[in-house]
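To keep things clear, I will list the structure first and then write my remarks on it.
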Number of protein chains: 2
Amino acid sequence: MAKASQAAGLHRAALDQLHDLDAALELMYYGWRGMTLEADEYLAKQGLSRPHHRILYVVARRPDIAIGSLLEVLGISKQALNRPLNLLLERKLVVSKRSPEQHRSKLLRLTAAGQRIEHRASDYERNVMRKAFDRAGASGAAAWMAVMEAIADHN
Amino acid sequence: MAKASQAAGLHRAALDQLHDLDAALELMYYGWRGMTLEADEYLAKQGLSRPHHRILYVVARRPDIAIGSLLEVLGISKQALNRPLNLLLERKLVVSKRSPEQHRSKLLRLTAAGQRIEHRASDYERNVMRKAFDRAGASGAAAWMAVMEAIADHN
DNA sequence: AGTCTCAAGTCAACATAGTTGACATGAAAG
DNA sequence: CTTTCATGTCAACTATGTTGACTTGAGACT
């Protein structure tokens, strides 16, 4: 039973299967952990965490995004955004400037340093995915995407 | 902003793709959300949440598990287990008894009420998976499992 | 007897990630 | 010159976790 189950640990536990889809539930849980584990360790070394990464990830893919739009995309309150975003601004990983015409809003952008950290953190996650897709082949990867889309868009 | 995307937040956002695997990262995120959304709403109605569900899920599949083993499986500290487990005991969803021979440990079991809640909550998650697997077919489901196993076991 | 260990329980302080509500500020638009 | 909009900030709160420092209760070992 015991292993190095400490870190974020949690090797996959040996549980009885009560239903045929229990394995799928557990794979979703451990899959999420497996994908984010190394990225989170890297971010922790930088004094950052998952919320910071989410901000960096979105701003990287929507340069000049306004704060209000960022709040929408992230789905959190402005008060919740406040602390992590201010840290990123203080650390100069993100810069804000006023919009030229829409002078009320502030537009966010990553600095070079911010881009570097975003890229490295996301790369840890992409590498996990790449290896898994390589093993599964192109058709397996496509099937995984199709299933995940169905789950994500489930209403 | 519409409130529909508020609650569970976060419709899938339209972000630029910087790398070919960005879509996969986002699908993992939204997939996790999609699978757990309804279950979390049901649990909230019962005054419970994800940690309570994790406990119920594990104890359901390991009847007479000792507290120490439960801590190992969940990968959290005993202090973190304390509150949610005590709530489950107070609400009589879980019962503990001393082991007959190993009298030092306490063994945990679900009551009928605990089984009912565990089953319903997990069923919400299984139903999401079932629908996605039905769409993808048996081979798609198998491919999804294979990819997730590779991700989960990534070291 | 007494002591040592093990499993569990508890207390306190802290960190992180979020929530509401209330209010302030600075620029634009009427 | 007042309203509106986007942003910012203060405070109080909840939830989920962490360490560290104990205590308790039961077995096990001289």
Side-chain angles (χ1 to χ4, degrees), chain A residues 1-2 5-10 29 32-33 36 40-41 43-44 46-57 59 64-90 94-108, chain B residues 1 3 6-10 29 32-33 36 40-41 43-44 46-56 59 64-90 94-108:
Chain A
M1 202 63 242
S5 59
Q6 220 30 348
L10 213 48
Y29 180 80
W32 171 256
R33 299 301 225 97
T36 56
D40 284 347
E41 285 169 7
L43 288 162
Q46 314 301 316
L48 302 174
S49 55
R50 193 124 295 274
H52 304 106
H53 187 196
R54 283 203 298 267
I55 296 170
L56 295 173
Y57 184 92
V59 176
D64 288 332
I65 189 175
I67 297 211
S69 308
L70 180 57
L71 290 173
E72 266 183 36
V73 173
L74 294 176
I76 59 174
S77 64
K78 64 181 170 178
Q79 295 91 332
L81 179 64
N82 201 330
R83 271 174 179 269
L85 179 56
N86 276 339
L87 179 62
L88 297 176
L89 289 167
E90 279 166 28
V94 173
V95 285
S96 76
K97 59 168 186 231
R98 298 225 96 112
S99 165
E101 67 290 337
Q102 264 292 86
H103 213 70
R104 296 209 264 225
S105 15
K106 273 192 185 175
L107 308 183
L108 302 174
Chain B
M1 186 61 207
K3 61 178 152 206
Q6 202 62 322
L10 221 43
Y29 180 79
W32 171 255
R33 298 300 225 95
T36 56
D40 284 347
E41 284 169 8
L43 287 163
Q46 314 302 315
L48 302 175
S49 55
R50 193 125 294 274
H52 303 106
H53 187 198
R54 282 203 298 267
I55 296 169
L56 293 173
V59 176
D64 288 333
I65 189 175
I67 297 212
S69 307
L70 180 57
L71 290 173
E72 265 183 36
V73 173
L74 294 176
I76 59 174
S77 64
K78 63 181 171 179
Q79 295 92 331
L81 179 64
N82 201 329
R83 272 172 178 270
L85 179 56
N86 277 339
L87 179 62
L88 297 176
L89 289 166
E90 279 165 27
V94 173
V95 285
S96 76
K97 60 168 187 232
R98 298 226 94 113
S99 166
E101 67 289 339
Q102 263 291 86
H103 212 71
R104 297 208 263 224
S105 15
K106 274 193 183 174
L107 308 184
L108 302 174

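Quick note: numbers below take in every heavy atom, side chains included, and nothing from hydrogens, waters or symmetry partners. A note on names: the letters A, B, ... follow the listed sequences, proteins ahead of strands, and every chain is numbered from 1. All values derive from a computational prediction rather than experimental measurement.
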Just to confirm, is there a sub-4.0 Å distance from OP1 or OP2 of [N] to any side-chain nitrogen or oxygen of [X]?
X        : N       : result
Arg54(B) : dG17(D) : yes
Asn86(A) : dT9(D)  : yes
Ser77(B) : dT18(D) : yes

Length of the [atom1]-[atom2] vector between [X] and [N], whole Å:
X        : N       : atom1 : atom2 : result
Arg50(A) : dT16(C) : CZ    : P     : 15 Å
Arg98(A) : dT7(D)  : CZ    : P     : 8 Å
Arg83(A) : dA12(D) : CZ    : P     : 14 Å
Gln79(B) : dT10(C) : CD    : P     : 12 Å
Ile65(B) : dA8(C)  : CD1   : C1'   : 15 Å
Asp40(B) : dT14(D) : CG    : C1'   : 16 Å
Ile67(B) : dA26(D) : CD1   : P     : 15 Å
Ile55(A) : dA17(C) : CD1   : P     : 10 Å

Which nucleotide wins on minimum distance to the side chain of [X], given the candidates [options]?
X         : options                   : value
Arg104(A) : dT9(D), dG17(D), dA27(C)  : dA27(C)
Ile76(B)  : dG8(D), dT18(D), dC22(D)  : dT18(D)
Ser105(B) : dA8(C), dA6(D), dT18(D)   : dA8(C)
Pro51(B)  : dA26(D), dT16(D), dA12(C) : dT16(D)
Ala66(A)  : dT19(C), dT7(D), dT18(D)  : dT7(D)
Lys106(B) : dT10(C), dT7(D), dA8(C)   : dA8(C)

Inter-residue atom distance [X].[atom1] - [Y].[atom2], 0.5 Å rounding:
X        : Y         : atom1 : atom2 : value
Leu85(B) : Leu108(B) : CG    : CG    : 6.0 Å
Asp40(A) : Ser49(A)  : CG    : OG    : 8.0 Å
Arg54(A) : His52(A)  : CZ    : NE2   : 10.5 Å

| With Leu88(A), which of Val59(A), Val95(A), Leu48(A) fulfils side-chain contact (heavy atoms from CB on, under 4.5 Å)? | Leu48(A)

| query | Between Leu89(B) and Ser49(A), who's closer to the 5' end of DNA chain C by nearest nucleotide? | reply | Leu89(B)

| remark: Given the options Lys97(B), Lys106(B), Arg98(B), Asp64(B) meets salt bridge (Lys or Arg N to Asp or Glu O under 4.0 Å) only with Lys97(B)

